[in-house]
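Okay, structure first, notes after.
Residue numbers start from 1 in every chain, and the chains themselves are labelled A, B, ... in the order their sequence lines are given, proteins ahead of strands.
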Amino acid sequence: MKKLKHLSFILIAGLLALGLFSPNVYAKGHTVMIGFTGPLSGPAAQYGRDNVNGLEMGIQDINAAGGITVGGKNYKFALKTYDDHIDPTAAVNNARRLRSRDGARFIFNPVFNTIAPMMQINQQKGSEFLMMAYTSAPEVDAMKNPNTIAIPPPFSVYVGSYVKYALEKGWKKCAMVVTLGAYGDGWRKEFESAWIKAGGEIVADQPANYYTETDFSAQLSAALAKKPDFMLIGGPSATTGLVIEQARNLGFKGEFFMVDQAKLNYIAEVNFNNDLTKMNGVTGTARPRDLAEEEVIEPFLKRCLKDYGRSATSENLLNYGAIRILAAAMEKAGTVEDITAIKAAIPEVLPMDAKINLLPFIDLWGSRFILPGTIQKIENGQYTVPTTTFWWTKSDADFKKAVSSIPDIGNTNVNVPLEGYAK
Amino acid sequence: MELFLQQLFNGIMFGSTYAIVALGLTLVMGILHIPNFAHGHLYMLGGYITYFFITNLGFGYWYSLLLSMVILGFVGVVMERIVFRPLTGQPPINAFIAAIGALIFLESLALVIWGPQGMRIPNPHPQIIKMFGITMEAQRLLVVGGAAVLIVLLHLFLKKTTTGTTIEAVAQNREGAMLTGINVNRVSSMTFFISSATAAVAASFLSPIFILSPAMGAVLGMKAFIIVILGGMGSVPGAILGGYFLGLIEALGGGYISAEYKDVFAFGALILVLSIKPTGLFGKQEG
Amino acid sequence: MFTKPIHTKLLLGFLFIAALFLPLYVPDSYMFQIVITSLLFAIATSSMNLILGYTGQASLAHGAFFGVGAYVVAIMTKAGWSFWIALPVSGLVATGIGFFIGLFAFRTRGHFFAIVTLCFGVILFQVAENWIEVTGGQNGIFGLDSATPIPFPFFGPIEFSSQPAQYYLVLAVLLLTLFVLHRVVYSIFGLTFMAIRNNEELADALGINTFATKMVSFAIANFIAAIAGGIYATILGAVSPSAISIMITFNFLIFLILGGMATLPGAVIGAFMIPIIMEFLQFMENYRMLFFGALLVVVIIWFPMGFFGGLKTINQKIIAWRQSNTSEDSNA
C-alpha cells in the first residue's frame, strides 16, 4: 500500500512535469497556426468534434497541395485545439493561449456564448486575432466587430423558406417544441413573428432542453392536444430524432420542420438505422451530398466515413470551406499576419473553384459569409429534390445573377430576401 | 381528460425510473452516509454496458440486462473499495468531492471508449398500445411494470432475508451492528453492489427508448440525490414516493403550466417540503 | 495563534511584493489571464470558506450568488450606470436574495441544507435562462464596456480595458476580502461561527442565536461572492447562464476543499492551483478530464486537509526543527 502511494505520487508529478515542459510540436518558422476552442467534452462534444474534423480535412488538403506561398516563402498550416466545454472563462483562456503561446491569429469557435466574450478581446493591440465564428446567430453581425467572420448563413434564412412552404401548403396552426438555449430561443422568436406576420397561428410553444432531457412526452402531449398542422422542432440531432419518434408514437400525423442544428442524415443514421420511412414528412437543412456536384462531394463523404467513422455534416463542409478561403485570401493579401488585410482580400478570392471549395461561398458582407441555405424534405422514404434559398438578393435580376454564379446541381432555387441582409 | 391521462402516464413512467435510481442511492446514503453524487454516472455506464452486449456481442435484451446488472454491481463494489472506503471518518464534504472526481472520471471514460456520438439500443418492444384514449409504447409500460417488480423484490430482500436484515441493522445502528459481529465492510460492498445493479436495470429499461451519451447521467444523478433528501435519507418508502412525486410534478407542471420552468416546480416543491419537515418526508432524526 | 513564525512572515512579504510587480515579469497575456481569473475565483472561494469552512454550512448556492452579482453588474452597466455603483448594488441584491433563501434553508441542517441551497441555485439558474427580457436568456448579456475609468490627478484616468488594470483591480479586492475575512474570523463573532460549526446544539444551549449568526455569515459570504461575480462580468465583457450554473459552485467547492478548508490561505491556494493544473493538463487532450477525475480522488484521500493542510505539516516540521536547533544552541 505504501509503495503504491509513492508510485502514484511519482506518476502524477511526472505527468504534471511533462505538461510543464512539453515542447512546442510545431516549428514556428513557416507555419500558419490555426486555433480552435470549443466543446470537446460534455453534451455538445460531438458538435465540437464535427467542427474540428472539417478544419482538419481542410488543413490536410491545403498542405497536400503544397501549402501557400506568401512573400516567396512557403507556409504549411497547422491546427491546435483546446476544449472549453462551453465555459466562457475557459474559452477566453484558450484564446489567450492560442494567440500568445501558439501564435494563432485565426481562432475558430462554434458556440455563441463563448464567441461573445472572445469578441471582447480580439481587437486588443498586439494580440488581435480573427474570430472565426461558427454560429448562425444574427447577434454576431449586429456587434459590428471588424475582426470577426461568421461562417454559416444566419438561421433566419431557413425561417423564411419554411414560412413560404407552409403558406403554400395552406397550413394555419403551428406547435413549437424547440430546444432551450440561445440558439433555440432565437429560432422560436424569429419563427413566431414571421409566422404570425404571414397570418399563421402558434397554438403551442413548449420548449425543452434537448441537451439534458430525453423524454419529451410531457411537452409533446400538451402541444399535440392543440391539433397543430405542423410542428417546428429541433436542437442537437440525436434528441431531435427522439422528438420525431415520440411525437409519431403519440399519434401526430402532420409534418415537421427542423431548426438548422438538427441534421436529416444524422438522425436517419443514429435514430432510425437508415429507415427513411420513419422520417416521412420531415423537412430540415439538406444533407451534405445534395449540396454540391456528385463528383466533388462523393469523395469528401467517403473520406469522412473512412477517417472519422461518421457521415459528413454541414459543420465539416462549412469549416472546410472557411479554412480554404482563409488560405486563398492569405496568398492574395500577401501576408499571413495582417488579419485586416486578409479579411479584406476574402471577397476577391470568392467564389472559388468548386473542386477546391465544395460549397458555393459567394461573398463576404460585413462579418458574414454569403452562401445560399438549402432545405430538403423526406417523403415516401426518400430524400426529395432540395430547395436552395437565396436570401441576400432583393431584385429578380440579382437573384438570377446569383443563381447563375453557382454550379447548377438540379436543386429548386427560390428568392426569399432577408431583412437586414438583402441589399 | 385524455391529455390529463397522457400526462399522468408520462409522469408515472418517469417516476418509476426516478424511484429505482433513487432507491439505490438511498441505500448507500442512508446506510453508509456516503453522498454518492456519481450514482447517475453509474446509471450511464450501465446503459453502455447493456449496449455493448446487445450491439457488439449480439446478446439478447434480457441476458444483456442481467449481465449489465452483475458487471455494474462489481464496478460499484470496486468504487466503494478504492474511492469511498479510504475516506471513512473524514467529513462528508470530502466524500462529496471524491464523488465528483469519480463522476468526472466515469464520464470521461465513456467519452474515451464510446465517443461523444449518441448511441441507440434497438427497441425490443416497439409495439404501440392504445388504452383509454392514451398512447403507450410497450417498452414504457415495461418500465412501469419492471420498476414495480424490482421495488417489491428489493423490499422482500431487505425484510425477509438474513443478508437484507444485516443491511438494515447497519443502517439503524452501525456500532451496535459491529458489536453483534456483523462485518460492516462486507455490508458496504454488498450495499454498493445492490445500488449499482438497480441503476443498471433502470438504464437498461430506458436506453431503448432514449439515446445513450456520456453526459446522460448528470441530470438524473442530481434528481435522484434530491429525491433521496426529499424522502428522508435512507428511507426506502421515501425514495419510492419521492420518485413518483417528482415524476408526476414534472409531467403535470411541465405540460400544463410552463415547460421552461419545469424544474422550478420540482425544486420549489422540494424546498417547501423541507422547510415544513426539515428532515424529509420519512426522515427520522436530524441529519 | 496571532503571531506567525519569522519564515512565514518572510514568505508572505515575498508573495506580496511578487504580486505587486507581477505585470512586469508575467511572460504572456495567456499566463496573465489565468492569474487574473484565479485571483477572481480566490475572492469567491474565500467567501465560500466563511460559510462552509468556518460556519460549517455547505451552501451549494454559492455559485448562484456569484452569478447574481455578474448579472446585476451586466444589466446595470448595460443600462448606463457606472460600474462603481453597479458593483456594490450587486452585492446588496445578492445579500437580499440570500436573506430570503436563508429564511427557508436555515430551517434545515447538514445534507438537507446543502440540497435546499442546491435547489435554490438551480432555480436561479433557470430564471437566468428563461427570463429573456431581463437576462437575455441563453445568449446572456454581451458587449459590456469595461469598468468605468477612474479620473486620477496627474496621471489621467485609469482605464480598465487592459490586463494590468484588471489585475490590480482584482488584486485589491482580493486583499480587501482577505483583510475583512481575517478580521471577522478572529473576532468574537467569528468564534460564534466556529462554535456553530463544531456543535450547533451546544452553541444554541450557550445562548448563541444560531439562526441569526448563520444568517450573518451567509450574508457576508454572499455579498463577497456577488462582488467577485460583478468583476467577472466586467472583465469577460459577457455574461451567460454558465456564470450562474451549478458547475461554478462545484468548482469553488473543489478549489476550497483541495486548497484547505477553514484556513484563509487554503482558499487562495486552491483557486490558483486547480486552474493552473487544468491548464497544464491540456496536452492530454481527451484524457485530461479522465486524469483530473482520478487526481481529485487521489488528492482527497491523501490530503484530506487539502494542499494547505499538507503545507502546514511541513511548516510544523520546520518549526520543530528550528526549536530543536535553538534548544541545542542553548544547551551548548
Please confirm whether A:Tyr210 and A:Phe216 have ring centers closer than 6.0 angstrom.
-> yes
C:Phe252 and C:His62 aromatic ring geometry - parallel, tilted or perpendicular at 30°/60° bounds |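 Perpendicular.
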Based on non-hydrogen pairs under 4.5 Å, which of A:Glu139, A:Gln124, A:Arg99 is most in contact with chain C?
->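 Most pairs with chain C among the choices: A:Glu139.
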Any idea which of A:Thr89, A:Asp83, A:Ile121 has the most non-hydrogen atom pairs under 4.5 angstrom with chain C?
->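 With the most close heavy-atom pairs to chain C, the winner is A:Thr89.
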Is the number of heavy atoms from other residues, nucleotides or ligands under 6.0 Å of C:Tyr168 OH greater than 12?
->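 Buried by this count: over 12 neighbours within 6.0 Å.
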For C:Thr135 and C:Val127, which heavy atoms make the closest approach, and how far apart are they?
->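 Of all heavy-atom pairs spanning C:Thr135 and C:Val127, the closest is OG1-O, 4.1 Å.
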Distance-minimising heavy-atom pair for C:Phe142 and C:Lys78 |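 Answer, listing the atom of C:Phe142 first, then C:Lys78: O-NZ, 2.9 Å.
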Toward chain C, the part of A:Phe112 with a non-hydrogen atom under 4.5 Å |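 When you check distances to chain C, only side chain atoms of A:Phe112 fall under 4.5 Å.
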Heavy-atom proximity to chain C below 4.5 Å, by part of A:Asn145 = neither
Check each atom of [X] against the heavy atoms of chain A and say whether the ones under 4.5 Å are side chain, backbone, both or neither.
X        : answer
C:Ser29  : both
C:Glu279 : both
C:Phe32  : neither
C:Ile132 : side chain

Do A:Arg97 and C:Asp28 sit within salt-bridge range, that is, some charged N less than 4.0 Å from a carboxylate O?
->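 So A:Arg97 does not pair with C:Asp28 through a salt bridge.
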